[in-house]
Amino acid sequence: MTLNKLSNYYLIKPMSRTVLLNPGPVNITDKVRQAMTLPDLCHREKEFSNLMAAIRAKLLQAFNIEETFTSVLVSGSGTAALEMAVSSSLTPKRSMLVIENGVYGERIGKLCDVYNFHRHTIKLDWGVPPNLDDIESILKKQSDIEIVSMVHHETTTGLLNPLQSIGELAKKYGKIFLVDCISSLAGDEVDFTSIDLAVGTANKCLQGVPGVSFVLFRKKDLARLIKIPARSLYFNLTEYHKAQEIGKLLFTPAIPAHYALDVALDELIEETVAGRIYRYANCAKFLRDGFKKLNLEYLIPEGWRSNCLTGLKLPKGISYKKLHSKLKANGFVIYSGQGNLSENIFRIANMGDIKKEEFDRFIKILGTIC
Ligand SMILES: *Cc1c(COP(=O)(O)O)cnc(C)c1O
């Protein structure tokens with residue numbers, strides 16, 4: 001089979017740009033794309049050690065946490081880093097408090113179950129924010145809890161969970177605070193004051209490509225973490241940290257994704273995290289003004305929405321399938337709802353390198369369909 005024929009299987013329209021309005025992977029800049037064509041590299045050579053060290057440092061620099069945090073890279077999607085953080089951070093015989101109000105909160109719960117962790121769960125309907133009094137009363141009663149875990153931006157619905165106030169509660173009761181920031185880092189403001197472990201990935205608001213994700217953790221928590229027995233070979237946080245601190249790797253990394261992340265971080269540092277958050281907030285505002293004009297109904301009330309994703313109810317008489325295919329024919333990929341929401345909603349993310357004109361064209365085409 002010729003390469004040209006083969007490419008028909010995965011290229012939608014060769015050379016044309018599809019605007020990705022799904023919450024990752026995102027549209028990347030040409031510079032980030034070009035980085036993936038850098039020379040072949042052996043990960044056991046000093047060139048890769050240098051690249052890895054640069055990425056680890058730039059992550060901390062971008063979020064201004066060099067003093068207090070350290071970073072660990074792991075090859076795999078965001079869930080790889082999430083599994084690493086969850087599986088490596090709970091002291092034996094202690095338990096985790098899991099706040100679930102969407103697919104990703106429930107994923108933390110599932111990870112606890114896979115590792116046979118004892119957990120307490122605050123289970124809410126998707127899109128319903130947690131009640132602080134409920135969290136406090138569990139923390140007061142259950143002294144076995146060592147870690148409070150939550151998702152910052154619950155991508156299932158576009159709800160931004162109250163990171164700061166839950167973090168303050170966790171600290172008040174002396175708990176470790178573990179946060180899935182995968183879809184909020186560089187898109188919404190992440191307050192690191194109370195966070196002990198934060199999980200992120202390259203291919204959402206950092207504007208890199210899938211293949212590498214990371215855990216940022218507080219340096220002073222290392223002494224506690226290294227006492228925890230290994231529960232996994234591939235996802236052992238402190239073993240990775242020990243190796244990466246001396247420029248070594250345990251397993252073969254996704255090298256092109258690292259090349260891309262390095263350049264994506266340069267671009268983020270240049271734009272600044274605050275600048276990117278501002279840009280995304282403006283994009284979301286532009287889209288939401290458009291949705292309002294089209295009389296579309298929001299899933300999450302104002303004040304609780306992230307900067308990066310909007311959940312909308314499907315207009316009457318239009319199925320998701322039809323909406324998706326009409327938009328795709330015009331060069332836009334949207335995202336369906338998950339689980340029970342799959343028949344009723346659609347999601348529009350505004351992460352990535354997307355131009356104002358593209359959002360404008362999207363709203364116009366959406367208007368002709370609705
Ligand atoms: C995208 C995402 C993940 C990870 O999903 P992967 O498919 O493993 O990249 C985890 N949590 C949240 C909140 C996410 O948005």
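Each ligand, and each atom within it, is numbered from 1 in the order the structure gives. Owing to the predicted nature of the structure, the values given are computational and were not obtained by experimental measurement.
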query: Within 45 degrees of the axis of the six-membered ring of F177 and under 6.0 Å from its centre: does K171 put its NZ or CZ there?
result: no

[X]: numbered ligand 1 atoms lying under 4.0 Å from its heavy atoms:
X	value
K204	1 (C), 2 (C), 3 (C), 14 (C), 15 (O)
H153	13 (C)
S183	13 (C), 15 (O)

field: From the candidates S213, S77, A202, A81, the one that places a heavy atom nearest atom 7 (O) of ligand 1
entry: S77

query: Just going by heavy-atom distances, which of T155, V199, N203 is nearest to atom 15 (O) of ligand 1?
result: T155

message: I'd like to know whether the aromatic ring centres of H241 and F217 sit less than 6.0 Å apart in this structure.
response: yes

query: Centres of the Y320 and F346 rings: under 6.0 Å?
result: no

- request: List the closest protein heavy-atom neighbour of atom 11 (N) of ligand 1: residue, atom name, distance to the nearest 0.1 Å.
  value: D180 OD2, 2.6 Å

- prompt: How far is atom 9 (O) of ligand 1 from its nearest protein heavy atom, and which residue and atom name does that atom have?
  reply: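 Its nearest protein heavy-atom neighbour is G78 N, 3.1 Å.
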
- prompt: With backbone taken as N, CA, C and O and side chain as the heavy atoms from C-beta onward, which portion of E154 lies under 4.0 Å from ligand 1: side chain, backbone, both, or neither?
  reply: neither

message: Please classify the T79 to ligand 1 contact at 4.0 Å (heavy-atom distances, strictly less than): side chain, backbone, both or neither.
response: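 Both of them.
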
- prompt: Can you check whether L82 has an N/O within less than 3.5 Å of an N/O in ligand 1?
  reply: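 Between L82 and ligand 1 (N or O atoms, distance only) the closest approach is not under 3.5 Å.
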
message: Is it the case that ligand 1 has an N or O less than 3.5 angstrom from some N or O of Y104?
response: no

query: What side-chain hydrogen bond (donor to acceptor under 3.5 Å, both in side chains) pairs are there with at least one residue in residues 79-90, not counting sequence neighbours?
result: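 Applying side-chain hydrogen bond (donor to acceptor under 3.5 Å, both in side chains) to every pair that reaches into residues 79-90, excluding sequence neighbours, yields T79-R107, E83-Y115.
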
query: Parallel, tilted or perpendicular: which fits the ring planes of Y240 and F251, with parallel below 30° and perpendicular above 60°?
result: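 Aromatic pair Y240/F251 classed tilted.
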
field: contact_flag V151 ligand 1 heavy-atom lt 4.0 Å
entry: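 It does; at least one heavy atom falls under 4.0 Å.
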
- request: Please confirm whether H152 comes under 4.0 Å of ligand 1, counting heavy atoms of the residue only.
  value: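 No.
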
- line: Rounded to the nearest 0.5 Å, the CG atom of D188 sits from the CG atom of L160 at a distance of 4.5 Å

message: Once rounded to the nearest 0.5 Å, what's the spacing between atom CD1 of I28 and atom CG of L261?
response: 11.5 Å

Review item, side-chain donor-acceptor pairs of residues 133-141, under 3.5 Å, at least two apart:
unit_1 : atom_1 : unit_2 : atom_2 : d
E136   : OE2    : K172   : NZ     : 2.7
E136   : OE2    : Y173   : OH     : 2.5
S137   : OG     : D134   : O      : 3.3

message: For E66, is the CD atom crowded, meaning more than 12 foreign heavy atoms sit under 6.0 Å from it?
response: yes

